[in-house]
Amino acid sequence: MTEFSYIAGIDVTSIANKEFIRIDTDKAQEICVALDKSGIPFSARYGETEMVLTYDGSCKEQVEDIIAKAESGNYEALLRELQAYREPDGYYQLLGEVAELLNTTIGVLQNRPDEVQLALCKTYVDFWLCDTPTLQRELDRVISVNGRTMSDIQEHEKIKEKAKAPTVPEQRAADTVPNLNELFDDYFRRNSHSHFSREKHQHLSEIARRRQQGEQERIIQNEESERKFRP
């Protein structure tokens with residue numbers, strides 16, 4: 001009978017919808033840490049090369065995701081890659097992977113302050129072994145704590161792009177074009193504070209009337225002259 005040196009998780013009796021698996025692995029500790037960070041109810045017993053795990057069956061996909069990540073060896077490769085660079089340069093190399101998880105672009109994230117970019121990359125490393133929804137949630141939490149959520153940022157980017165597009169001037173409908181009386185009323189309202197008296201208005205109107213009458217008489221005279229000289 002296998003001897004299990006370590007126990008992790010919660011009391012197995014408190015787990016609803018129990019699922020049970022037994023796996024050969026030397027990554028049991030990493031799996032337990034990821035399950036705990038992901039908030040998945042579990043109870044585990046494990047040794048150096050084997051693990052017995054009981055968990056809530058409603059979280060089966062997340063558990064399988066975590067185990068697959070731990071067994072892939074990619075996390076160790078990620079840590080080795082980080083060690084090859086000086087901090088924070090190594091973390092910034094991960095910004096593309098962070099952007100992909102957040103369904104955005106590197107450019108959008110690079111518009112954030114350097115400390116936010118670094119916090120995102122470090123959170124990505126810390127929660128890398130967790131299931132994907134948990135990892136996305138923790139990354140979005142970093143954004144939220146430091147300002148707007150990713151959805152807000154993406155909406156802001158859409159507004160900026162829309163603002164760059166050329167706009168077509170809006171035309172007024174024919175029935176909304178103001179007539180001369182409306183224009184005069186509007187002018188009078190805007191200039192009601194000036195000293196434009198009723199008498200002054202009547203005087204200007206009389207001048208305009210005389211000019212119009214004189215113009216009509218000139219036109220009539222020109223037409224009569226043209227008729228006289230016609231053959």
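Below, each value reflects all heavy atoms present in this structure, side chains not excepted, and no hydrogens, waters or symmetry copies.
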**Request:** Give the C-alpha distance, both sets of side-chain angles, the deciding distance and a yes or no for side-chain contact (heavy atoms from CB on, under 4.5 Å) between Trp128 and Leu78.
**Result:** CA-CA 9 Å; Trp128 191 92; Leu78 173 64; 3.7 Å; yes
**Item:** CA sep, side-chain torsions, deciding dist, call: Val33, Leu129, side-chain contact (heavy atoms from CB on, under 4.5 Å)
**Value:** CA-CA 9 Å; Val33 171; Leu129 285 170; over 6 Å; no
**Request:** Decide yes or no on side-chain contact (heavy atoms from CB on, under 4.5 Å) for Ile23 and Leu53, but give the supporting numbers first.
**Result:** CA-CA 8 Å; Ile23 55 176; Leu53 177 66; over 6 Å; no
**Message:** For Ile31 and Tyr46: C-alpha separation, side-chain torsions, deciding distance, then whether side-chain contact (heavy atoms from CB on, under 4.5 Å) applies.
**Reply:** CA-CA 11 Å; Ile31 292 171; Tyr46 61 93; over 6 Å; no
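The closest side-chain donor-acceptor pair between Gln29 and Tyr6, if any, does not fall under 3.5 angstrom. Inspection of the Asp131 and Ser38 side chains reveals an N or O donor paired with an N or O acceptor under 3.5 Å. Side-chain contact annotation: Ser14 with Asp11, donor-acceptor N/O pair under 3.5 Å absent.
Around CD of Glu48, the count of heavy atoms belonging to other residues, nucleotides or ligands within 6.0 Å does not exceed 12. Counted within 6.0 Å of CD on Glu100, heavy atoms from surrounding residues, nucleotides or ligands total 12 or fewer; the atom is thus considered open.
If you chain together hydrophobic residues whose side chains sit under 4.5 Å apart, Met51 and Ile21 fall into the same group. Put simply, Phe20 and Val63 are part of two different groups of oily side chains (I, L, V, M, F, W, Y) that touch within less than 4.5 Å, one to the next. Criterion: ILVMFWY side-chain heavy atoms under 4.5 Å apart, direct or through other members. Under it, Ile143 and Ile106 are part of a common hydrophobic cluster.
Contact check for Tyr75 versus Leu79: side-chain heavy atoms found under the 4.5 Å cut-off. Under the 4.5 Å side-chain criterion, counting only non-hydrogen atoms from C-beta, Leu139 is in contact with Val98. Between Tyr91 and Leu120, the closest side-chain pair of non-hydrogen atoms is not below 4.5 Å. Between Thr123 and Leu135, the closest side-chain pair of non-hydrogen atoms is not below 4.5 Å. Using a 4.5 Å heavy-atom cutoff, the side chains of Pro88 and Lys122 are not in contact. At a threshold of 4.5 Å between non-hydrogen side-chain atoms, the residues Arg22 and Glu50 count as touching. A 4.5 Å side-chain heavy-atom check between Phe42 and Val12 finds every atom pair outside the cut-off. Using a 4.5 Å heavy-atom cutoff, the side chains of Gln117 and Gln110 are in contact.
Not a single donor-acceptor pair under 3.5 Å links the side chain of Lys18 to the backbone N or O of Asp56. No donor-acceptor distance shorter than 3.5 angstrom exists from the side chain of Glu19 to the backbone of Tyr55, with no hydrogens or angles considered. Under the 3.5 Å distance criterion, the side-chain polar atoms of Asp65 are matched with a main-chain donor or acceptor of Thr132. Ser144 places a side-chain N or O within donor-acceptor distance of the main-chain N or O of Asp140, the cut-off being under 3.5 Å.
Atom CD1 of residue Ile40 and atom OG of residue Ser58 lie 9.0 Å apart, to the nearest 0.5 angstrom. Here the CG atom belonging to Leu35 is positioned 11.0 Å from the OG atom belonging to Ser43, to the nearest 0.5 angstrom. Asp89 contributes atom CG, which lies 11.0 Å from atom SG of Cys121 (distance to the nearest 0.5 angstrom).
For the pair Leu94 and Val125, the tightest heavy-atom approach, listed with the atom from each and the gap, is CD1-CG2, 3.5 Å. Contact detail for Ala34 and Cys130: the closest heavy-atom pair is O-SG, 3.8 Å.
Ion pairing of Lys27 with Glu30 is absent here, as no side-chain N (NZ or NE/NH1/NH2) approaches a carboxylate O to less than 4.0 Å.
The cationic atom of Lys37 (NZ for Lys, CZ for Arg) lies less than 6.0 Å from the six-membered ring centre of Phe127 and within 45° of the ring axis.
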